[in-house]
There are 2 protein chains.
Amino acid sequence: MFTLSEENYLKAIYHLESDSKKGISTNAIAKSLETKASSVTDMIKKLSEKEVVLYKKYQGVTLTEFGKKTAANIVRKHRLWEVFLVEKLNFSWDEVHDVAEQLEHIKSPKLINELDALLGFPTHDPHGDPIPDKEGNVNTVDKILLSTLNKEESGVCVGVNDSSSEFLRFLDKKKITLGKKITVLEKEDFDDSLSIEIDGEKLSISKKIANNLYLKK
Amino acid sequence: MFTLSEENYLKAIYHLESDSKKGISTNAIAKSLETKASSVTDMIKKLSEKEVVLYKKYQGVTLTEFGKKTAANIVRKHRLWEVFLVEKLNFSWDEVHDVAEQLEHIKSPKLINELDALLGFPTHDPHGDPIPDKEGNVNTVDKILLSTLNKEESGVCVGVNDSSSEFLRFLDKKKITLGKKITVLEKEDFDDSLSIEIDGEKLSISKKIANNLYLKK
DNA sequence: AATAATTTTTAGACTAGTCTAAAAATAATG
DNA sequence: CATTATTTTTAGACTAGTCTAAAAATTATT
């Protein structure tokens with residue numbers, strides 16, 4: 001069994017690994033958890049003894065298979081709870097993160113299995129992120145950033161890169177939600193902004209926004 | 001804000017107060033939390049500084065109004081989650097306690113308000129215990145133990161005194177559930193057992209059982 | 001009311017998790 | 001490739017929460 005703190009480290013390493021593939025540096029973990037490198041070193045030793053990470057001094061860490069499964073299970077719980085909050089408790093997608101962050105640590109296999117069933121076995125959370133299955137397998141789809149689309153190409157909005165509440169509320173205001181079709185009308189060279197069509201209407205989108213919206217072609 | 005440990009102490013004192021009315025002794029708290037008296041003394045000092053309990057050395061503690069409200073809110077959360085587990089996630093009444101014990105510490109007012117609404121603003125948990133309202137008020141009904149009924153008196157089952165899973169599963173086996181009418185047919189003097197009628201059938205009930213079943217006349 | 005039994009508190013130690021500051025190792029640069 | 005800059009680890013300290021063992025206060029019992 002893992003402590004709350006251990007679970008948070010596992011999750012952080014899991015997310016960092018999915019980006020970089022390489023061994024994860026102490027500093028990267030410290031930054032992601034807003035803690036100090038020395039604390040990370042200490043915890044890594046503990047996790048290494050529990051055989052969820054491989055660790056050699058100064059070489060960073062990688063999750064073991066067991067560690068990956070454990071971390072995926074925490075992510076699974078987090079995302080299922082997010083779906084629950086949105087679908088059953090009228091939360092909006094920018095309100096779910098902090099609560100899910102707490103709920104993900106509740107220990108009860110039955111609870112999660114039943115929640116999964118209550119929600120109809122969802123495959124993605126409210127931000128479009130995939131929900132790992134019981135074995136920790138993740139269904140990765142080939143989504144691309146809106147910013148990589150060329151003029152006159154289009155796609156369906158399937159996820160966000162930044163899930164800060166500021167960004168999510170911005171999308172709400174602009175009526176950009178998952179499932180909507182977006183077509184690039186124009187790409188402006190001087191500021192990399194985009195002119196897009198959504199819901200039959202024309203909209204101007206900054207580079208920052210386009211870099212944080214995932215589409216599926 | 002209160003730590004997990006502080007919340008558990010508050011809850012324990014709250015439950016002990018509802019039984020005894022007097023100042024709660026260090027030992028009583030220690031027993032109820034399965035910890036040592038010295039740990040209790042330490043924690044009591046902390047709680048006293050946070051103004052949730054009144055404490056004088058060697059005199060035991062009592063909850064302040066603020067402490068009572070805080071504790072009632074934790075109990076409210078615990079019982080609402082129990083209803084959720086039974087009503088929405090197919091838990092049986094003997095399976096809910098440990099999970100609710102974890103869920104009660106989740107911090108999010110919106111979560112609890114919405115959960116309350118989802119469940120249709122229930123007034124009692126699956127064991128018949130009343131759910132405190134948002135202000136911490138509890139609707140106490142005058143329930144009595146089955147063992148206090150006289151011959152030929154009857155009542156409706158409204159709660160349990162012992163909510164151990166052993167006892168609850170025993171009741172399940174005997175088809176004794178909340179809402180059922182029970183009539184005392186006979187009281188045996190030599191072992192204090194009861195002969196009762198339930199669902200039109202005759203059943204023999206030991207003293208121990210009768211001491212743990214609440215009825216409303 | 002004096003002594004014994006019990007309860008409660010204190011003192012000091014331990015663990016988990018964190019931190020700062022300094023030392024050691026690795027990586028980058030001229 | 002030697003020196004500098006950065007990263008990582010170690011050493012030691014701190015807090016929250018717990019424990020054991022001993023001291024102090026209260027309660028019970030002759």
Side-chain angles (χ1 to χ4, degrees), chain A residues 1-14 16-17 19-63 67 70-71 74 101-102 104-105 107, chain B residues 1-14 16-17 19-63 67 70-71 74 101-102 104-105 107:
Chain A
M1 207 49 49
F2 297 93
T3 66
L4 191 140
S5 200
E6 287 168 347
E7 289 196 346
N8 284 331
Y9 274 88
L10 280 174
K11 194 164 52 111
I13 298 167
Y14 179 84
L16 290 166
E17 266 193 354
D19 297 342
S20 68
K21 306 285 172 194
K22 299 262 168 175
I24 306 304
S25 76
T26 303
N27 257 4
I29 298 169
K31 187 170 290 178
S32 130
L33 289 172
E34 295 180 304
T35 182
K36 300 293 145 130
S38 55
S39 308
V40 175
T41 303
D42 287 346
M43 181 57 90
I44 279 173
K45 287 178 184 167
K46 262 182 66 183
L47 292 176
S48 169
E49 273 172 26
K50 288 196 169 189
E51 308 199 332
V52 280
V53 300
L54 297 174
Y55 170 58
K56 272 191 180 165
K57 278 186 188 175
Y58 297 100
Q59 304 308 130
V61 290
T62 48
L63 291 171
T70 306
I74 301 165
E101 205 77 349
Q102 299 177 63
E104 71 190 4
H105 300 292
K107 282 159 184 70
Chain B
M1 206 50 49
F2 297 92
T3 68
L4 191 141
S5 200
E6 288 168 346
E7 290 196 345
N8 284 332
Y9 274 88
L10 280 175
K11 196 165 49 111
I13 298 166
Y14 179 83
L16 289 166
E17 266 194 355
D19 296 341
S20 67
K21 306 283 170 193
K22 298 262 167 178
I24 306 304
S25 76
T26 302
N27 257 5
I29 299 169
K31 186 169 290 179
S32 131
L33 289 173
E34 295 181 305
T35 184
K36 300 292 145 136
S38 55
S39 308
V40 175
T41 303
D42 286 348
M43 181 57 90
I44 278 174
K45 287 177 183 166
K46 263 183 64 184
L47 293 176
S48 168
E49 272 171 25
K50 288 196 167 187
E51 309 199 330
V52 280
V53 299
L54 296 175
Y55 170 58
K56 273 191 181 165
K57 277 187 192 175
Y58 297 98
Q59 306 309 130
V61 290
T62 48
L63 291 171
T70 305
I74 301 166
E101 205 76 349
Q102 299 178 61
E104 71 190 5
H105 301 290
K107 283 160 184 67

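Note that the coordinates shown come from a computational prediction; the quantities given were computed from them, not determined experimentally. Keep in mind that the numbers below use all heavy atoms, side chains included, and drop hydrogens, waters and symmetry copies. Chain naming here is simple, since letters A, B, ... match the order of the sequence lines and numbering starts at 1 in each.
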### Sub-4.0 Å heavy-atom contacts from residues 31-42 of chain A onto DNA chain C, ordered by number
A:T35, A:K36, A:S38, A:S39, A:D42
#### Entry: Distance, rounded to the nearest Å, where B:I44 contributes CD1 and D:dT18 contributes P
12 Å
### Query
Closer than 4.0 Å, any side-chain N/O of B:N27 to the OP1 or OP2 of C:dT8?
yes
### Query
Taking C-beta and beyond as the side chain, do B:L10 and B:V52 meet within less than 4.5 Å on heavy atoms?
yes
## Note on the structure
B:K56 NZ to C:dT9 P, in whole Å, measures 14 Å
### Task
May I ask you to say whether A:E104 pairs ionically with A:K11, meaning some side-chain N is under 4.0 Å from a carboxylate O?
yes
### For atom CD of B:Q59 and atom P of C:dT9, their distance in whole Å
9 Å
### A:Y58 vs A:T26 side-chain heavy atoms within contact, under 4.5 Å
no
### Task
Please indicate whether B:E51 has more than 12 foreign heavy atoms, meaning atoms of other residues, nucleotides or ligands, lying under 6.0 Å from its CD.
no
Which protein N or O atoms sit under 3.5 Å from an N or O of nucleotides 22-25 of chain D?
unit_1 : atom_1 : unit_2 : atom_2 : d
D:dA25 : O4'    : B:Y58  : OH     : 3.3

### Message
How many whole angstroms separate atom NZ of B:K22 from atom C1' of D:dT27?
### Response
15 Å
### Task
Please report, rounded to the nearest Å, how far the P atom of D:dT15 is from the CD atom of B:E6.
16 Å
### Task
Please determine, for the side chain of B:M43, which listed nucleotide (D:dT18, D:dT8, C:dT7) has the closest atom?
D:dT18
### Query
Can you check whether B:K22 reaches B:E17 side chain to side chain, under 4.5 Å on heavy atoms?
no
### Message
So B:V61 and B:I29, do their side chains get closer than 4.5 Å, heavy atoms only?
### Response
yes
### Query
Do B:Y55 and B:L47 pass the side-chain contact (heavy atoms from CB on, under 4.5 Å) test, and can you show the C-alpha distance, the side-chain angles, and the key distance before you say yes or no?
CA-CA 9 Å; B:Y55 170 58; B:L47 293 176; over 6 Å; no
### Task
Check side-chain contact (heavy atoms from CB on, under 4.5 Å) between A:S32 and all other residues, then give those that pass, not counting sequence neighbours.
A:A12, A:L16
### Query
Quick one, which residues of residues 7-14 of chain B touch DNA chain C with a heavy atom under 4.0 Å?
none
### Contacts of type side chain to side chain donor-acceptor pair (under 3.5 Å), residue A:K31, not counting sequence neighbours
none
### Task
May I have the distance from B:I29 (atom CD1) to D:dT18 (atom C1'), rounded to whole angstrom?
16 Å
### Query
Where the side chain of A:K56 meets the backbone of A:L54, is there a donor-acceptor pair that is under 3.5 Å apart?
no
### Task
Taking side-chain contact (heavy atoms from CB on, under 4.5 Å) as the test, write out the residues that go with B:N27, two or more places apart.
B:S25, B:A37
### Message
If you compare every side-chain N and O of A:S5 against the phosphate oxygens of C:dT18 (OP1, OP2), does one of them come in below 4.0 Å?
### Response
yes
